[in-house]
Participant: 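After the structure tokens below, expect a handful of questions from me.
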Amino acid sequence: MHASLLLVSALSASVCAAPTFPTISADTAVPDGINAVADYFNLLATKVQESRLLDKAPACDLSQAVLPSSSLPPPSPGVRLKHIAIGRGTQNYTCSTGNPSDAPKAIGALATLFNASCLATTDLDLASALARAALRFDLTQSQTAQKLVPSDLAVSGRHFFLGDGTPFFDLDVSPTWQLGELPCAKNGSAPAPADAPKGLNGEPAVPWLKLTAKQGATGGLQEVYRVKTVGGSAPATCEGMAASFEVQYWFYAK
Ligand SMILES: *[C@@H]1O[C@H](CO)[C@@H](O)[C@H](O)[C@H]1NC(C)=O
Ligand SMILES: *[C@@H]1O[C@H](CO)[C@@H](O)[C@H](O)[C@H]1NC(C)=O
Ligand SMILES: *[C@@H]1O[C@H](CO)[C@@H](O)[C@H](O)[C@H]1NC(C)=O
């Protein structure tokens, strides 16, 4: 009841107002998408209500953040959490043989990272609900707005693959806030939990990962966790070789 009311008002706001922004993509019409968007706005409304009862703003202290638990190896002794980002982008696959029955092979990813340090520290549930909802909004609008639509989170980095296949994170994108750069290698992998949200075409969530720095990392960056994944796995067939994903990246530095 509450969910549909909120969703209707959110939708009609974007129908009445011109120019419309942000636009919910057509994929939202599928029940799963409506639920993800409604869950986010309902949770947000609840949190806003709760925060009215607080007499001060919630603390935003990264040392209080708790990495979501998994079978991945824990952060190494001596590193500390530096940044939490929501990564939104595309995981690319190829079918080099051209045979539609062959399993697609991963060839890299391209993602924009948004600063979720404060949000994930104070409210991991809300950060995770945002990631699920954001997948239903137009990716190019987030890029144009430099915000993770439908939130206010600002761009804090980029993730892509180098020519030799090395995963690379650039956290030097802001002139005022330079965290460093990190070429890395996979150090551990764990399947996403069975109830992890699927992608726009029903593709399962990509595994959770631990990555460790390779030579050339700057800013003391040492380790990255990819957790709370949404979508991104290889499509079932060799058609449509890109899969959108949302993930959280947790960066640790010396
Ligand atoms: C992956 O796909 C994106 C979007 O379609 C594209 O811009 C990018 O160049 C591709 N990257 C690779 C490594 O294929
Ligand atoms: C990320 O957010 C935190 C907390 O609001 C802030 O201290 C930090 O400067 C931000 N970083 C970037 C790159 O915006
Ligand atoms: C993971 O990293 C640890 C610490 O750097 C290292 O000892 C271990 O060999 C690595 N494991 C894999 C599978 O890369």
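Fair warning: this is a prediction, and the values are worked out from it, not measured in the lab. When a ligand or atom number is given, it counts from 1 through the structure's own listing order.
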Participant: Would you say the side-chain atoms of Tyr225 pair up with the backbone N or O of Lys210, donor to acceptor, closer than 3.5 Å?
Facilitator: no
Participant: Does the ring center of Phe168 lie less than 6.0 Å from the ring center of Phe161?
Facilitator: no
Participant: So, regarding Ser76 and ligand 3 (criterion: nitrogen or oxygen to nitrogen or oxygen, under 3.5 Å), is there a contact or not?
Facilitator: no
Participant: Considering only protein heavy atoms, determine whether one is less than 4.0 Å from atom 1 (C) of ligand 3.
Facilitator: yes
Participant: Using only atom types and a distance under 3.5 Å, with no angle test, would you say the side chain of Glu181 pairs donor to acceptor with the backbone of Leu171?
Facilitator: no
Participant: Using a distance threshold of 4.0 Å (strictly less than), state whether atom 14 (O) of ligand 3 has a protein heavy-atom neighbour.
Facilitator: yes
Participant: Side chains of Thr212 and Gln222: donor-acceptor distance under 3.5 Å anywhere?
Facilitator: no
Participant: Which protein non-hydrogen atom lies closest to atom 11 (N) of ligand 3, naming both residue and atom, and how far is it?
Facilitator: Asn187 ND2, 3.0 Å
